[in-house]
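Before any comments, here is the structure.
Proteins get letters first, then strands, A, B, ... in listed order; numbering begins at 1 in each.
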There are 2 protein chains.
Amino acid sequence: MNTNERGTGRTRARILEIARELMAKQGYAGTSIAHIANQLGTSKAGIYYHFKSKEEILDALLTRPVLAYADIAERAAQGAPPAELLGAIIDLTAELKEFAGFHSDPSTLLALGERPQQSDIQSKQVRVIAALAGPRPSQAARVRARAAFAVASDGTAGVAAASDNGLTKPERDELLAAALRALQPR
Amino acid sequence: MNTNERGTGRTRARILEIARELMAKQGYAGTSIAHIANQLGTSKAGIYYHFKSKEEILDALLTRPVLAYADIAERAAQGAPPAELLGAIIDLTAELKEFAGFHSDPSTLLALGERPQQSDIQSKQVRVIAALAGPRPSQAARVRARAAFAVASDGTAGVAAASDNGLTKPERDELLAAALRALQPR
DNA sequence: GTCTATATAAAGATAGAC
DNA sequence: GTCTATCTTTATATAGAC
């Protein structure tokens, strides 16, 4: 029988890497098993040996990002200060920059939403934003929290996409400072 | 013959409205003609009387947003100040909030990129961001420009999505102020 | 572990009746 | 202007050989 549990092999890892690239570029719905197989240089059936469905590929891809976001939401619930939360969002976004486009692909979100075991990534974001807004926030404070979150999330994604390597320290510092300025009332 | 040039009717408008909703929710690739026809209560062929292809529906949907962004890029090229540019982005994003998810759907961008007549919306964004960064910008200034743009674009989308109606004046003012703070060096 | 072949469903799109 | 019926392609997924 198989020493590989059909889950730890290098081929599986390559499939995930290819799927991630294609789905980031074309979205989940726009990426077919055939396309992934072509990139891998094998047949469609070859893919199905490693994953029993296309959704399982998505699950495998998003497990880590979802867990990372859950961790940030947890820290928010425990009263972590805004600078820490925003810094964590910046670092996570930069670390997962290969996933850029993923969190904003409607078909990915839709497929993800249909899988109950994957706790909703958007609901975690809402909780983090609520934490940034502080207790009993005014309407203006809520808007500032959204603004700061946008800087840490989409702003970081933009900066990371523009530079070939990872986020540099000065870039990170500048993003965090900008997010904090956005959060601060005058 | 047809007084309607097969382009001005109410049915066509309904198709576009339904397509916009579905594509915002599921992405371009994830939305089928059959799905649109179901929502409309007609057959697939009925759709094809009004549009000769799925891509033509996308073109029709995105013509206005693309033009609006081109206009902002034009004002940026003519040296409009940051407050004006950021305000314009906020207003545009709020006005087109029904399109939320659209500009971030990879399959939409991909399909749009394959249509040469639709000038690339992302390249316009890059130009606006460059204008925000100012002449001969430092690396830090470029990051701040991205941050400010993120507030005006994604921050506004988030606020608009959270509130049922359009963006209120206080919300708009708060977003613009936050974007300008993000843009400003200490 | 990967292949060919195939089943089955859904996609985009057209022909022609009404 | 909308229908049914159909064509063609592509999609997910499986069966069974090697």
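- The number of heavy atoms from other shown groups lying within 6.0 Å of NZ (A/K25) does not exceed 12.
- A donor-acceptor pair under 3.5 Å is absent between the side-chain atoms of B/R127 and the main chain of B/A73, judged by distance alone.
- For A/I36 and D/dA13, the CD1 to P distance is 11 Å, given to the nearest whole Å.
- Atom C1' of nucleotide C/dT4 and atom CD1 of A/I47 are separated by 16 Å, given to the nearest angstrom.
- Contact between the side-chain N/O atoms of B/H35 and the OP1/OP2 oxygens of C/dA10 is not found at any separation under 4.0 Å.
- Look at A/S43 and you'll find a side-chain N or O under 4.0 angstrom from OP1 or OP2 of C/dC3.
- With C/dT14, C/dG12, D/dA11 as the candidates, the nucleotide lying closest to the side chain of A/S32 is D/dA11.
- Out of D/dG1, C/dG12, D/dA13, the shortest distance to the side chain of B/Y49 is found at D/dG1.
- Checking the phosphate oxygens (OP1, OP2) of C/dT14, no side-chain nitrogen or oxygen of B/Y48 falls inside 4.0 Å.
- For B/S53, the listed nucleotide lying nearest its side chain is C/dA13; candidates were D/dT2, C/dT4, C/dA13.
- Protein atom NE2 of B/H50 is 16 Å distant from nucleotide atom C1' of C/dT14, rounded to whole Å.
- Contact annotation for B/K44: base contact, defined as any heavy-atom pair under 4.0 Å involving a base atom.
- Proximity of a side-chain donor or acceptor of B/D105 to a complementary backbone N or O of B/Y28 within less than 3.5 Å is detected.
- Nearest heavy atom pair, residue B/K54 against residue B/T31, reads NZ-O, 2.8 Å.
- The side chain of A/T11 places an N or O atom within less than 4.0 Å of a non-bridging phosphate oxygen (OP1 or OP2) of C/dT2.
- Across A/F102 and A/L62, no two heavy atoms sit closer than the pair CD2-CD2, 3.6 Å.
- Computed from coordinates, the A/F51 CZ to D/dT14 C1' distance equals 18 Å when rounded to whole Å.
- Going from atom NZ of B/K54 over to atom P of D/dT10 covers 14 Å, rounded to whole Å.
- The separation between B/I57 atom CD1 and C/dA11 atom C1' is 14 Å, rounded to whole Å.
- Of all nucleotides listed (D/dT12, D/dT4, C/dC3), D/dT12 comes nearest to the side chain of A/I33.
- Counting non-hydrogen atoms under 4.0 angstrom, A/T42 reaches the backbone sugars and phosphates but no base.
- In this structure, A/I15 places its CD1 atom 11 Å from C1' of C/dG1, rounding to the nearest Å.
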